[in-house]
Protein chains: 2
Amino acid sequence: MRLLIVDDHTMVLDLMSALFASEKDIDVSTAATYESALKTIETNNPFDLILLDFSMPGLVGLEGVSTVLKQARGCPVALMSGVANRDVAKLALEAGAVGFIPKTMQAKSLINAVRFMASGEVYVPNDFMNAPIDERREHPLARNLSEREYQVLKGLCKGLANKEIARDLELQEVTIKLHMKNLCRKIGANNRTHAAMIARDAGLF
Amino acid sequence: MRLLIVDDHTMVLDLMSALFASEKDIDVSTAATYESALKTIETNNPFDLILLDFSMPGLVGLEGVSTVLKQARGCPVALMSGVANRDVAKLALEAGAVGFIPKTMQAKSLINAVRFMASGEVYVPNDFMNAPIDERREHPLARNLSEREYQVLKGLCKGLANKEIARDLELQEVTIKLHMKNLCRKIGANNRTHAAMIARDAGLF
DNA sequence: CAAATTCCTATACAAAAGTATAAGACACTA
DNA sequence: TAGTGTCTTATACTTTTGTATAGGAATTTG
């Protein structure tokens, strides 16, 4: 079985290679950049599975994922990420990824997951996708926010204006302003942009 | 030598444990949360080195680092991060960290670095700190920005208002507005918050 | 030197964000 | 039932942000 791992973190690359080295039937290739990954796919096709890190320089978000999927020539591509949340995972799967590997997963499970995906199945960790809706609400930052404030913060982190958030939530703009002010106070932000950065730093969204 | 690795990514924890397992004289403990790390420090002291992941839920940025440093009871603490930049590394060192490990590092170098730090030295990868100042300017997003636009974007990503950025750069507020508008257009943002999120997503700042 | 760039500032206006106060609807609870 | 808290909206206002246009200064380039 031939596996290609793409990650800009050399350390992760090394460590994962080492992990799979003990699996006799798995042949691991690695690439640290998007370009070298594509080149490797060109020359060393076919792979049974490509493990792609979600956050690579030059690969911005989901657009990057689609690009790789298009250029993978039919190889199944699975996403890896240490930070991405459920929404991202869902979108990646909709875009055609065959799996999603959060880096919070155990190494042993990783091997199983890789075999699973290489055999043509779609893998998503159960506890990741099927956790209670409010999982993320357990985050220390989000805990004090009301449901609406959380939704507004979510919209804010997409870079939306108050008016747009209001449209999405079917509320009046003035209501968004109120929630915005309150949530800023609660998380200690001086303004909306500050709030967005604090939320992002904390790993929300 | 006793080593404690703290990272919310179980996979990283597993892989690194495996890496150090082949080093006979290194005894590795791990913790996946801030709380369990502190508990482990309480009961299993002393460690020769603590490797702390920079982005842990509940540990927001540098404040979290200082907290751990305070509670580490003299154990040297080194920071690990896949995303942090030079500024963060510098601040961490100033706060008392004994080293900084970017996850772009090779696994083999990691072992050396760990031994180095455990022996009382301060470790920072040369190519990380001493790279040319404009390293980050090579980023696809930042390449098209002028120097001033880059500085304004940097201020924005701290959550600063135009007036504050103007004070910091010793410019007029109106000038900041101009740069802000131009940089938003260049990176495809609809407004300042959107720009900040795009920059953050791209790994800038 | 002239042209092109980048940067800085000014004025002026439109739009959005932020603040404050008041009040009604709803659900939950002591 | 009265009280508490969240959510909602309204009105009114100030501040900040965003946009447009224009011009001067400095630097680089042909």
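Keep in mind that the numbers below use all heavy atoms, side chains included, and drop hydrogens, waters and symmetry copies. Below, read A as the first sequence line, B as the second, and so on, with proteins coming before strands; counting in each chain starts at 1. Just so you know, these numbers come straight off a predicted model, no measurement behind them.
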- Message: Once rounded to the nearest 0.5 Å, what's the spacing between atom OG1 of A:Thr30 and atom CG of A:Leu51?
- Response: 12.0 Å
- Item | Short side-chain N/O contact to D:dC7 OP1/OP2 from A:Ser146, under 4.0 Å | yes
- Message: Heavy atoms within less than 4.0 Å of DNA chain D: which residues of residues 167-179 of chain A have one? Give them sorted by number.
- Response: A:Leu171, A:Gln172, A:Val174, A:Thr175, A:Leu178, A:His179
- Query: What is the 5' to 3' range of DNA chain C, first to last nucleotide, that sits under 4.0 Å from any heavy atom of chain A?
  - Reply: C:dA16 to C:dT19
- Message: If you compare all heavy atoms of B:Thr10 against all heavy atoms of A:Gln106, which two are closest, and at what distance to 0.1 Å?
- Response: CG2-CG, 3.7 Å
- Task: Kindly compute the distance separating CD (A:Gln71) from CD1 (A:Ile41), expressed to the nearest 0.5 Å.
- Result: 8.0 Å
- With a 4.0 Å cut-off, would you call B:Arg2 and B:Asp27 a salt bridge? yes
- Message: Measure CD1/A:Ile165 against P/D:dT9 and give the value in whole Å, please.
- Response: 14 Å
- Query: How about B:Val98 and B:Tyr123: do any of their side-chain heavy atoms sit closer than 4.5 Å?
  - Reply: no
- If you pin A:Leu160 and B:Arg148 to their nearest nucleotides in DNA chain C, which one's is more 5'? B:Arg148
- Result of checking B:Ile50, B:Val77, B:Asn112, B:Ile101 against B:Met117 for side chain to side chain contact (heavy atoms under 4.5 Å, CB included): B:Ile101
- Message: Rounded to whole Å, please give me the gap between CG in A:Asn191 and C1' in D:dT17.
- Response: 11 Å
- Task: Quickly work out the B:Lys163 NZ to D:dT15 C1' distance and round it to whole Å.
- Result: 8 Å
- Item | B:Asp53/A:Lys103 ion pair, N-O < 4.0 Å | no
- Note on the structure: Taken to the nearest whole Å, CD/B:Glu164 to P/D:dT15 is 16 Å
- Task: Would you check if the side chain of A:Asn190 reaches a backbone N or O of B:Leu160 as a donor-acceptor pair within less than 3.5 Å?
- Result: no
- Message: In whole Å, I'd like the distance from the NE2 atom of A:His194 to the C1' atom of D:dT16.
- Response: 17 Å
